[in-house]
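Okay, so here's the structure we're looking at.
Letters go in sequence order (proteins before strands), and every chain restarts at 1.
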Protein chains: 2
Amino acid sequence: MPSSDRRLQPRRKPRQIRAELTRERILIAAAHVFTEYGYAAGTTNRIAERARISIGSLYQYFPNKDAILAQLLIRHIDRGTWTGADRLDLSPGTLRATVQALVRDAIDSHSEDPQLLRIMIEEAPLSQDLLDAIDRHGRIRTAQIRDLLTRHPDVRVGDVGTAADLILFTIEMNTHKMMAAPGSVPVETFAAELADMVTRYLRGD
Amino acid sequence: MPSSDRRLQPRRKPRQIRAELTRERILIAAAHVFTEYGYAAGTTNRIAERARISIGSLYQYFPNKDAILAQLLIRHIDRGTWTGADRLDLSPGTLRATVQALVRDAIDSHSEDPQLLRIMIEEAPLSQDLLDAIDRHGRIRTAQIRDLLTRHPDVRVGDVGTAADLILFTIEMNTHKMMAAPGSVPVETFAAELADMVTRYLRGD
DNA sequence: AGAATAGCTGAGCTATTGCTCACAATTACG
DNA sequence: CGTAATTGTGAGCAATAGCTCAGCTATTCT
């Protein structure tokens, strides 16, 4: 599934180890700079400075600023610390535990660098390709959850598709908020309440 | 509670009707331009052009670009089509209806211009004053909901404060998503499921 | 070693943006 | 009227951004 957007492709493929290292330093620096300054104020010159390479080098591996952030986001999506839905427990009486596993997954995927993730999602001007990639990822997850809801004996909701959308988004956003603005409520407490809400919903009274 | 941030105050107070009209045209144009181009690409010159006034006039009523968007957001907050919590039904067996009223409020406050609201919240560099205003508004709502949860006979949750935070945010974000990306699911269906989820949570099994 | 290739540099070009200011036009008011 | 106050104008300034390119250095290959 190759990206069709030329504007996100590097102009040169690194052929030496040195080059690969430079590319990596750029990405690491970019993550730091975006986190610290946000996307708009995270200039390419600042990234190059932080990576201790010249601005010219940066533009040998990334055709433009967007491509740098795109690469970071792609990596985050691909890494996907996602508990395969098929590995989740489907026996009766375990719905609560199943939901808790979902919540934990969400927390895990946010705990690495919540600030950067927030910037990538909220501030960045995402290209159509990126949006497609995110969408694809979302569809896969939704399908998995829908399948899980269909097969779990304790689940009683009207439309499984709607329910899957609803709980995925709810878990995602609440986790996102919790990680981005920490301190207001203990993580464990909030996670437990969140799991409660979803569980009670799925059990259908 | 006057704003202390000088950078958001207009430099001149309009004294003639003509001036008031100009100010209004700027705000209307800004709403359109921000909606169409986003915040970063919605330049002040574009706003002036659309309002059919000169860029100089724009800067007589707003000290900078941020102030324009701040004014739009303030207005949205102040308008607040908010069903007073005290007007909500607290008699037993009506929890479902009460929650539905909350969901409807959220939908109403988003339906006017969801795209603009998204931009204001997600793209704009909000000043501390703005953030404070939003925070204040949020606290008031949270307090109202907490009060409601405490007094409603059908509500059975552990910590009322956490529950209030959780359901307000969940309703807000799900509504936000539904209005911003329309078409995927019928609004009524989604709203009903959302209300179901919250209701079942609050009833505590 | 020497040529060829790959990688790196950074001054500065081009484009754009938020915003100013000297001035003109309009309105208020005696 | 005539004068002062208010409102409106828009060329252009200063700052900053993304990005290029001519030339340098490092590595690889024969």
To the nearest Å, how far apart are [X] [atom1] and [N] [atom2]?
X: A:Tyr61; N: D:dC19; atom1: OH; atom2: P; value: 18 Å
X: A:Tyr39; N: D:dG18; atom1: OH; atom2: C1'; value: 10 Å
X: B:Asn45; N: D:dA11; atom1: CG; atom2: P; value: 11 Å
X: A:Arg23; N: C:dG7; atom1: CZ; atom2: C1'; value: 15 Å
X: A:Leu58; N: C:dC8; atom1: CG; atom2: P; value: 11 Å
X: A:Ile55; N: D:dG18; atom1: CD1; atom2: P; value: 8 Å
X: B:Tyr37; N: C:dT17; atom1: OH; atom2: C1'; value: 15 Å

Checking D:dG18, D:dT27, D:dT9 against the side chain of A:Gln16 (C-beta onward), the nearest is D:dT27

Could you work out which one of D:dT7, C:dG10, C:dG18 sits closest to the side chain of B:Tyr59? C:dG18

What side-chain donor-acceptor pairs closer than 3.5 Å can you find for residues 26-38 of chain A, not counting sequence neighbours?
| residue | atom | partner | partner atom | Å |
| --- | --- | --- | --- | --- |
| A:His32 | ND1 | A:Ile28 | O | 3.3 |
| A:Thr35 | OG1 | A:Ala31 | O | 2.5 |

Phosphate contact (D:dG8 OP1 or OP2) by B:Ser54 side-chain N/O below 4.0 Å: no

Do any side-chain nitrogens or oxygens of A:Thr44 fall under 4.0 Å of OP1 or OP2 in D:dC19? no

Would you call A:Asp196 and A:Arg96 a salt bridge, taking side-chain N to carboxylate O under 4.0 Å as the test? yes

Using a cut-off of 4.0 Å on non-hydrogen atoms, how would the nucleic acid contact of B:Thr43 be classed: base, sugar-phosphate, or nothing? sugar-phosphate

Show the distances under 3.5 angstrom between N or O atoms of the protein and N or O atoms of nucleotides 22-25 of chain C.
none

B:Ile17 vs A:Ala19, nearer the 5' end of DNA chain C by closest nucleotide: A:Ala19

